Enquirer: 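Below: one structure in structure tokens.
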Protein chains: 2
Amino acid sequence: MTSNVHMLNKLVHVRSFTEQSADEQKTQSSHLTLICWNIDGLDPDNVFERAKGLLSHLGKYRADVVLLQELVPVSWKILKNIMKDYQFLQGSEDGYFTGILLRKDRVQFLQSNIVKYPTTEMGRNLLIAHVGHPLCIMTSHLESCKASSQERLNQLRRVWKWMKEAPQDHTVIFGGDTNLRDWEVKKLGGLPDGISDVWLMLGEPEESRYTWDTSINDNNEIPNSIRLRFDRLFLRAAAEGAKLQPESMTLIGLEKLKCDYFISDHWGILCTFIFGASEEQCVTD
Amino acid sequence: MTSNVHMLNKLVHVRSFTEQSADEQKTQSSHLTLICWNIDGLDPDNVFERAKGLLSHLGKYRADVVLLQELVPVSWKILKNIMKDYQFLQGSEDGYFTGILLRKDRVQFLQSNIVKYPTTEMGRNLLIAHVGHPLCIMTSHLESCKASSQERLNQLRRVWKWMKEAPQDHTVIFGGDTNLRDWEVKKLGGLPDGISDVWLMLGEPEESRYTWDTSINDNNEIPNSIRLRFDRLFLRAAAEGAKLQPESMTLIGLEKLKCDYFISDHWGILCTFIFGASEEQCVTD
DNA sequence: CCCGGGAGG
DNA sequence: CCCTCCCGG
């Protein structure tokens, strides 16, 4: 394990994690950037090259907030050893788990919280970080597989409940691998009042619809072409004051590595938000 | 195949199919008796002993109408060769199929009809017989297995439509293996106006609720105890004039054969109806 | 003809 | 982590 970390420290361009581009400085005060990605840490194939690819993306975008799912201890250690300018929060110590990475010079960590799903059979939970602005950042990897729809929807209801009950002065951003099918959200009566799906807010851009797509991604060697929007961001606005508006959403990790694998069987989501006055304020002020 | 029929002709007491009990004569003018049974003709085990058991029951009750599902050509030939006093109508020539058997001295056959289910993947259809009184008799074996719920409900809607649209002077009796779960009927908004579930009309007698019951019936070697009301009778009253009222419903085929098998994995339904004046007539005449 | 799990595509 | 098929319970 330790030698793996050393090897990767050599492989990646550590430089990229400490420098800051001019473009980035230009926008940093008005924007929040976020990456959400299930990195398929359970797949034992081409672990090093895939980790290298992941680090390359994380270093390229230097997002303010990184939400990861299917981390395993070895990948966690690798990231932690290289991304020294991020605060690391993990959903669990062992098995596979989620993580929240907060860029220290951009978001001020205040406190974190782990919420258990009482009936999960896959060890899933909800990881929450309260940070400055104020923001509440959440991630989860909801129960996998079609057959676990009921449990997944239980977990989704719990996520939505926590989003609603977060402090009213906080903007709440949830990002995760929801494993959701559209009919499941419909079954719950659609999104609850006050919670928005960021991809819907952006007008359902077709090019960032499917985050899991076996018509392109053959990491899992699934012969059927199946495309699903498993990975989603939800937003709950703060009650008043400055609001956060989604600005763009693109998918990352779309390129094949030399080993003929993709970084993960999921694409990553790169999303930018813009801090702005609330609509109410625009009208009334 | 032919030798099978000969063997069974020797085995069964053919006598029972031509004699008539005193009790039967007493009630025949006022009552209609019906048997509905999925006889599991696809199960290749103990075919002769099970067929013998079936013939024994059919000879014992000499029902006016017998509705069978999962007949196969060999069982069809056996029954046809022995039950000479019945008119035989079959839903199909090959594979497995449904049949309507009409006791010639009790019900007058007028015409029959086979209605295709356009999207069945299991070759299912609706078999209809118009007989005197006038009655319209229907049977079907709706799409099997939980996974085929959607197709099964399509077929159920079609059955109900045909029941509703039968000539208004006819009483309509449907009996078959519906493979229905209660939640599926609820999903359709319950029984449509004008169509009744005979078991419900009789006050939901607990002892004839489950027609498929692996807690007792081990023909399928299913270790879990699962009880379902797959086999159902529906009734649509004639618009006016004499009505048919359900009187009793009992399950048959509950006893084990010497081979340690039951006749079928389904119990049979034995149902009696009584011809009587309609409620309206009772009040107004 | 139930359910769940495992293999293969 | 898709789906279907098959098998065992």
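Quick caveat, the model's predicted, so the values are computed rather than measured. So you know, we letter chains A, B, ... as the sequences are listed, proteins then strands, and number each from 1.
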Enquirer: Could you check whether A:N179 gets within reach of a base, just the sugar-phosphate, or nothing at all, counting any heavy atom under 4.0 Å?
Expert: sugar-phosphate
Enquirer: Regarding B:E49 and B:K258, does a basic nitrogen lie under 4.0 Å from an acidic carboxylate oxygen?
Expert: no
Enquirer: Hey, does A:S144 reach any base, or is it just sugar-phosphate, or nothing, if we go heavy atoms under 4.0 Å?
Expert: sugar-phosphate
Enquirer: For atom C1', what is the distance between D:dG9 and C:dC1, given to the nearest Å?
Expert: 14 Å
Enquirer: Starting from C1' on C:dC1, measure out to CD on B:E143 and report it in whole angstrom.
Expert: 13 Å
Enquirer: Under the side-chain hydrogen bond (donor to acceptor under 3.5 Å, both in side chains) rule, collect the residues that match up with A:R181, sequence neighbours excluded.
Expert: none
Enquirer: Consider only side-chain N and O atoms of A:D177 and A:Q69, and report whether a donor and an acceptor are under 3.5 Å apart.
Expert: no
Enquirer: Would you jot down, in residue-number order, the residues of residues 217-226 of chain B having a non-hydrogen atom under 4.0 Å from DNA chain C?
Expert: B:I222, B:N224, B:I226
Enquirer: Under 4.0 angstrom, heavy atoms only, what part of the nucleic acid is B:R181 near: base, sugar-phosphate, or nothing?
Expert: sugar-phosphate
Enquirer: Need one value for A:D43: base, sugar-phosphate or nothing, where a base atom within 4.0 Å counts as base even if backbone is also close, heavy atoms only.
Expert: nothing
Enquirer: Do A:W212 and A:N217 have side-chain N/O donor and acceptor atoms under 3.5 Å apart?
Expert: no
Enquirer: Going 5' to 3' along DNA chain D, which are the first and last nucleotides with any atom under 4.0 Å from a heavy atom of chain A?
Expert: D:dC1 to D:dC3
Enquirer: As an exercise, state the distance from CG of A:L188 to CH2 of A:W160, rounded to the nearest 0.5 Å.
Expert: 5.0 Å
Enquirer: When the distance from CG of B:L228 to P of C:dC1 is rounded to whole Å, what number comes out?
Expert: 11 Å
Enquirer: Hey, could you give me each pair passing salt bridge (Lys or Arg N to Asp or Glu O under 4.0 Å) that has a residue in residues 114-125 of chain A? Not counting sequence neighbours.
Expert: none
Enquirer: Mind checking salt bridge (Lys or Arg N to Asp or Glu O under 4.0 Å) for A:K256 and listing every partner two or more places apart, or none if nothing turns up?
Expert: A:D218, A:D260
Enquirer: For A:T119, which residues count as a side-chain contact (heavy atoms from CB on, under 4.5 Å) partner, sequence neighbours excluded?
Expert: A:E151, A:N154
